[in-house]
Protein chains: 2
Amino acid sequence: MRVLDIGEVAERSGVVPSTLRYYEEIGLIASLGRHGLRRQFDGDVLLKLSLIAMGKAAGFSLEEIAGMFGRDGRPEIPRDQLRVRADELQRQMVELRTLRDVLRHVADCPAPSHLECPTFRKLMQAASRERLVYRPSSGPRSGRKAASKP
Amino acid sequence: MRVLDIGEVAERSGVVPSTLRYYEEIGLIASLGRHGLRRQFDGDVLLKLSLIAMGKAAGFSLEEIAGMFGRDGRPEIPRDQLRVRADELQRQMVELRTLRDVLRHVADCPAPSHLECPTFRKLMQAASRERLVYRPSSGPRSGRKAASKP
DNA sequence: GCTTGACCTCAAGTCGACTTGAACTTGTAC
DNA sequence: GTACAAGTTCAAGTCGACTTGAGGTCAAGC
């Protein structure tokens with residue numbers, strides 16, 4: 001089970017063939033060669049795809065992720081860049097926690113309009129201090145959809 | 001300071017005028033009217049923009065956010081939808097924590113190739129169990145860039 | 001030897017959220 | 001009364017990450 005063809009990789013990784021081809025095209029993964037027309041991949045590609053998925057979840061772009069692998073395909077990541085990103089994740093977690101609290105409050109608060117509820121306003125201010133809001137012109141480019149049904 | 005023109009709104013909210021116009025175009029915010037050509041907004045719009053920013057950070061699309069405001073412009077959010085989203089945020093936080101740990105490990109682990117490091121593999125498996133990776137075809141649409149310099 | 005199903009290529013399309021550019025208008029300051 | 005900064009419209013462009021479609025190829029099974 002060393003060599004997998006693209007269909008198997010797709011099935012085992014959950015990444016569809018068109019995406020695998022795209023990843024190969026941009027140099028994110030490499031195939032061993034072909035069997036007829038079919039791309040053949042080393043089993044390692046599965047772990048690599050996991051890393052890619054994690055990188056995406058961490059907010060890295062595909063380009064950044066690609067930059068993390070050395071020429072030989074092994075991960076080769078600048079350590080301080082990783083630490084920076086880890087710290088960013090930390091901050092992001094704090095934001096998410098506040099946000100979760102706001103949502104829960106809004107869901108439970110009986111006030112007719114949240115705009116007048118002191119708790120709501122206080123939470124908003126906290127969020128504001130965390131720079132969740134009033135973030136001048138440099139927020140996420142596009143919304144991240146939470147993963148839905150498996 | 002009840003009525004603000006678009007420039008002021010932009011300055012105070014950090015949302016650029018073109019975006020404000022776009023938001024008005026899609027019905028997310030409303031202007032009171034014009035002073036000459038210039039859009040005038042009620043001060044309330046600032047809070048609304050905060051809510052929008054929070055919604056985006058929470059992973060809601062603009063369309064979903066728009067759906068959360070009733071006709072009168074007051075937030076009018078289906079409570080169970082909020083709870084669902086709060087729970088999703090909770091899950092997302094757990095994912096981020098694992099991810100942070102992976103990044104920190106990779107940053108600190110002296111092993112020449114992480115692929116052979118048992119700790120790394122264990123963390124990867126944990127991430128896998130959390131469905132951070134191997135998530136079949138329904139992940140985030142596009143990467144979220146962490147907010148950078150203010 | 002032929003069918004079949006899974007792959008292939010390449011160009012173009014999609015999606016959300018904006019931004020940009022060209023050409024025009026206006027209130028305010030001098 | 002004129003210059004000018006800051007607004008305006010509208011169409012089109014951008015970005016990342018894919019997906020889709022049309023038309024072609026191939027290895028394995030009958």
Side-chain angles (χ1 to χ4, degrees), chain A residues 3-29 31-41 45 49 52-67 135-148, chain B residues 3-29 31-41 45 49 52-67 135-148:
Chain A
V3 170
L4 308 170
D5 89 22
I6 193 175
E8 265 180 291
V9 174
E11 194 184 348
R12 285 153 147 272
S13 68
V15 177
V16 299
S18 69
T19 300
L20 292 172
R21 281 191 283 271
Y22 173 66
Y23 283 178
E24 194 192 21
E25 189 188 333
I26 64 175
L28 203 46
I29 59 177
S31 55
L32 292 176
R34 304 292 182 106
H35 175 56
L37 285 182
R38 287 166 198 210
R39 286 161 177 83
Q40 305 292 118
F41 292 95
V45 81
L49 287 171
I52 292 169
M54 291 189 58
K56 291 206 308 172
F60 290 94
S61 69
L62 294 185
E63 199 177 334
E64 288 172 311
I65 294 170
R135 177 166 35 188
S137 79
S138 66
R141 253 178 210 289
S142 65
R144 136 191 258 163
K145 293 294 252 185
S148 43
Chain B
V3 169
L4 308 170
D5 88 21
I6 192 173
E8 265 182 290
V9 174
E11 194 183 348
R12 286 153 146 272
S13 67
V15 177
V16 298
S18 69
T19 301
L20 292 172
R21 280 191 282 272
Y22 173 66
Y23 283 177
E24 193 192 22
E25 188 187 334
I26 65 173
L28 202 48
I29 59 177
S31 55
L32 292 175
R34 305 292 181 105
H35 175 55
L37 285 183
R38 288 166 198 213
R39 286 162 177 82
Q40 306 291 119
F41 292 94
V45 82
L49 287 171
I52 290 169
M54 292 189 58
K56 290 206 310 172
F60 288 94
S61 68
L62 293 185
E63 199 177 334
E64 288 172 310
I65 294 170
R135 176 165 37 188
S137 78
S138 66
R141 255 177 209 286
S142 65
R144 131 191 264 163
K145 293 295 244 182
S148 42

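To find a chain, count down the sequence lines: A is the first, B the second, and so on, and within it residues start at 1.
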Visitor: Counting just side-chain N and O atoms, does B:T19 come under 4.0 Å of either OP1 or OP2 of C:dA17?
Guide: no

Visitor: Heavy atoms only: give me the nearest A:F41-A:I29 pair and the separation to one decimal.
Guide: CE2-CD1, 3.8 Å

Visitor: Are B:S18 and C:dC18 close enough that a side-chain N or O sits under 4.0 Å from OP1 or OP2?
Guide: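 No, because none of the side-chain N or O atoms of B:S18 sits under 4.0 Å from OP1 or OP2 of C:dC18.
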
Visitor: Enumerate all atom pairs, one protein N or O and one N or O from nucleotides 6-8 of chain D, separated by less than 3.5 Å.
Guide:
from	atom 1	to	atom 2	distance (Å)
D:dA6	N3	B:R38	NH2	3.4
D:dG7	OP1	B:G7	N	3.2
D:dT8	OP1	B:R39	N	2.8
D:dT8	OP1	B:R39	NH1	2.9
D:dT8	OP2	B:R21	NH1	2.3
D:dT8	O5'	B:R39	NH1	3.3
D:dT8	O3'	B:R34	NH1	3.4

Visitor: Can you check the B:I26 CD1 to C:dA17 P distance for me, whole Å?
Guide: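 Rounding to the nearest Å, CD1 of B:I26 and P of C:dA17 are 7 Å apart.
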
Visitor: State whether A:Y22 places a side-chain N or O below 4.0 Å from either non-bridging phosphate oxygen (OP1 or OP2) of D:dG16.
Guide: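 Looking at the OP1 and OP2 atoms of D:dG16, neither is under 4.0 Å from any side-chain N or O of A:Y22.
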
Visitor: Not counting sequence neighbours, which residues clear side-chain hydrogen bond (donor to acceptor under 3.5 Å, both in side chains) with A:E11? List them please.
Guide: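 Partners of A:E11 by the side-chain hydrogen bond (donor to acceptor under 3.5 Å, both in side chains) criterion come out as none, since no residue qualifies.
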
Visitor: In whole angstrom, give the distance that lies between atom CD of B:E24 and atom P of C:dC18.
Guide: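 For the pair B:E24 CD and C:dC18 P, the rounded distance is 15 Å.
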
Visitor: If I take atom OH in residue A:Y23 and atom C1' in nucleotide D:dA17, what distance separates them, rounded to the nearest angstrom?
Guide: 8 Å

Visitor: What is the distance, to the nearest angstrom, from the CD atom on B:E25 to the P atom on C:dC18?
Guide: 12 Å

Visitor: Round to a whole Å and report the spacing from CD1 of A:I65 to P of D:dG16.
Guide: 13 Å

Visitor: Let me confirm one number: the CG-CZ distance from B:D5 to B:R39, rounded to the nearest 0.5 Å.
Guide: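 CZ of B:R39 is found 11.0 Å from CG of B:D5.
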
Visitor: Report the distance from atom NZ of A:K56 to atom P of D:dA17, rounded to the nearest whole Å.
Guide: 8 Å

Visitor: Atom CG of B:L49 and atom OG1 of B:T19: how far apart are they, to the nearest 0.5 Å?
Guide: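 Going from the CG atom of B:L49 to the OG1 atom of B:T19 covers 10.0 Å.
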
Visitor: Using whole Å, what does the distance between atom P of nucleotide D:dA17 and atom CG of A:L49 come to?
Guide: 15 Å

Visitor: If you look at every heavy atom in B:I52 and B:L62, which pair is closest and at what distance?
Guide: CG2-CD2, 4.3 Å

Visitor: Please tabulate, one pair per line, each protein N/O and nucleotide N/O from nucleotides 28-30 of chain D that are separated by under 3.5 Å, including the distance.
Guide:
from	atom 1	to	atom 2	distance (Å)
D:dA28	OP1	A:H35	NE2	3.3

Visitor: Can you name the closest pair of heavy atoms from B:Q40 and B:H35 and give their distance?
Guide: OE1-CB, 3.2 Å

Visitor: Determine the minimum heavy-atom distance between A:K56 and A:I65, stating which atoms define it.
Guide: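 That closest heavy-atom pairing would be N-CD1, 3.6 Å.
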
Visitor: Distance from A:L4 atom CG to A:S31 atom OG, nearest 0.5 Å?
Guide: 12.5 Å

